[in-house]
**Student:** 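Structure incoming, see below.
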Amino acid sequence: MAYPILKHLTFNEWANTKVAEVLLSADDIIYYQKNRSSFHSIAKTIMHIWDAQYIWLKRMNGESLDTWPSANFNGTKEDALLGLVQSSNDILMFIESKDEAFLSSIFAYKNMKGDSFEDSYEETLFHVVNHGTYHRGQIISMLREAGLTKVVSTDLIHYLRTLKK
């Protein structure tokens with residue numbers, strides 16, 4: 001039996017919520033501290049995940065962006081974490097409103113450089129979750145590097161086990 005995308009999107013929302021909860025209680029110094037990673041702080045990594053989720057949802061709704069949504073962000077750590085979790089929920093709600101045939105259909109969009117692409121919704125959604133998982137792993141590493149060793153697991157198998165309880 002196929003692993004359903006709705007379950008995967010629910011996992012993404014759960015994992016982003018778990019990371020947000022940890023970061024809300026973490027010292028702001030850790031959140032903004034410069035690190036050696038794809039993005040040079042946890043704050044920038046959070047904004048990148050949020051940007052990507054927002055951009056992909058816009059693309060799936062027929063709108064292609066040419067600037068990063070976070071370019072004009074002036075909010076707090078709490079605002080960013082709330083935005084990340086909300087964008088996860090927005091994608092989930094968008095897909096929950098669609099039928100099964102929608103997932104395999106193709107949509108056209110332009111990337112930030114203006115290049116045209118066509119992809120299926122389902123493959124794109126698996127990409128969005130995989131992308132977030134990769135960067136959440138980086139955040140966990142940055143937290144551990146900063147001395148926070150009691151960090152909740154956001155692994156998919158851990159999430160799936162929580163569903164069995």
**Student:** Would you say L163 has more than 12 foreign heavy atoms packed within less than 6.0 Å of its CG?
**Tutor:** yes
**Student:** Do L81 and V19 make a side-chain contact, defined as non-hydrogen atoms from C-beta onward lying under 4.5 Å apart?
**Tutor:** no
**Student:** Check for me, please, whether F39 and W50 land in the same ILVMFWY cluster - side-chain distances under 4.5 Å, paths through other members count.
**Tutor:**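 No, F39 and W50 fall in different hydrophobic clusters.
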**Student:** Is it true that atom NZ of K77 has more than 12 heavy atoms of other residues, nucleotides or ligands lying nearer than 6.0 Å?
**Tutor:** yes
**Student:** What about the rings of H127 and W56, do their centers lie closer together than 6.0 Å?
**Tutor:** yes
**Student:** Out of N12, N89, D90, which residue meets the side-chain hydrogen bond (donor to acceptor under 3.5 Å, both in side chains) rule with Q53?
**Tutor:**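 Running side-chain hydrogen bond (donor to acceptor under 3.5 Å, both in side chains) over N12, N89, D90 with Q53 returns exactly one hit, N12.
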**Student:** So, N35 side chain and Q33 main chain: donor-acceptor pair closer than 3.5 Å or not?
**Tutor:** yes
**Student:** Once you round to the nearest 0.5 Å, how far does OH of Y109 lie from CG of N61?
**Tutor:** 14.5 Å
**Student:** Going by the rule salt bridge (Lys or Arg N to Asp or Glu O under 4.0 Å), which residues pair with E63 if we only count those two or more places apart in sequence or in a different chain?
**Tutor:** K58
**Student:** Could you verify whether a donor N or O on one side chain and an acceptor N or O on the other, from T133 and R136, lie under 3.5 Å apart?
**Tutor:** yes
**Student:** Any chance you could measure E78, atom CD, to Y31, atom OH, to the nearest 0.5 Å?
**Tutor:**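 Separation between the atoms: 8.5 Å.
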**Student:** Under a 4.5 Å cut-off applied to non-hydrogen side-chain atoms, are Y121 and I5 in contact?
**Tutor:**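 No, too far: nothing below the 4.5 Å cut-off.
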**Student:** Return the CE to CZ distance between M47 and F73, rounded to the nearest 0.5 Å.
**Tutor:**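 Interatomic distance, M47 CE to F73 CZ, rounded to 0.5 Å: 4.5 Å.
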**Student:** When rounded to the nearest 0.5 angstrom, what distance separates OG in S87 from CG in N16?
**Tutor:** 7.0 Å
**Student:** Are F11 and H8 near enough that their ring centres are under 6.0 Å apart?
**Tutor:**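 They qualify: ring centres under 6.0 Å apart.
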**Student:** How many angstroms lie between CG in L143 and OG1 in T149, if you round to the nearest 0.5 Å?
**Tutor:**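 Result: 10.5 Å between the selected atoms.
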**Student:** Considering residues, nucleotides and ligands other than E96, do more than 12 of their heavy atoms fall under 6.0 Å from its CD?
**Tutor:** yes
**Student:** Under a 4.5 Å cut-off applied to non-hydrogen side-chain atoms, are K7 and L160 in contact?
**Tutor:** yes
**Student:** May I ask you to test the K110-S116 pair for a side-chain heavy-atom distance under 4.5 Å?
**Tutor:**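 K110 reaches S116 side chain to side chain.
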**Student:** Would you call the rings of Y159 and W14 parallel, tilted or perpendicular, where under 30° means parallel and over 60° means perpendicular?
**Tutor:** tilted
**Student:** State, yes or no, whether a side-chain contact exists between R161 and H158 at a heavy-atom distance under 4.5 Å.
**Tutor:**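 No - every pair of side-chain heavy atoms lies 4.5 Å or more apart.
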**Student:** About how many Å separate CG of L125 and CD1 of I91, when rounded to the nearest 0.5 Å?
**Tutor:** 7.0 Å
**Student:** When you measure from the side chain of D27 to the backbone N and O of I29, does any donor-acceptor pair fall under 3.5 Å?
**Tutor:** yes
**Student:** Just wondering, more than 12 heavy atoms not from Y134 lying within 6.0 Å of its OH?
**Tutor:** no
**Student:** Report yes if the side chains of F102 and I95 come closer than 4.5 Å at any heavy-atom pair, otherwise no.
**Tutor:** yes
**Student:** Considering residues, nucleotides and ligands other than E145, do more than 12 of their heavy atoms fall under 6.0 Å from its CD?
**Tutor:** no
**Student:** Quick one about S70 and D51 (side-chain donor to acceptor, distance below 3.5 Å, no hydrogens or angles considered), yes or no?
**Tutor:**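 Side chains of D51 and S70: pair found under 3.5 Å.
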**Student:** Contact between N111 and R59 at the side-chain level, heavy atoms closer than 4.5 Å - yes or no?
**Tutor:** yes
**Student:** Evaluate the side-chain proximity of S38 to T45: yes if any heavy-atom separation is below 4.5 Å, no if none is.
**Tutor:** no
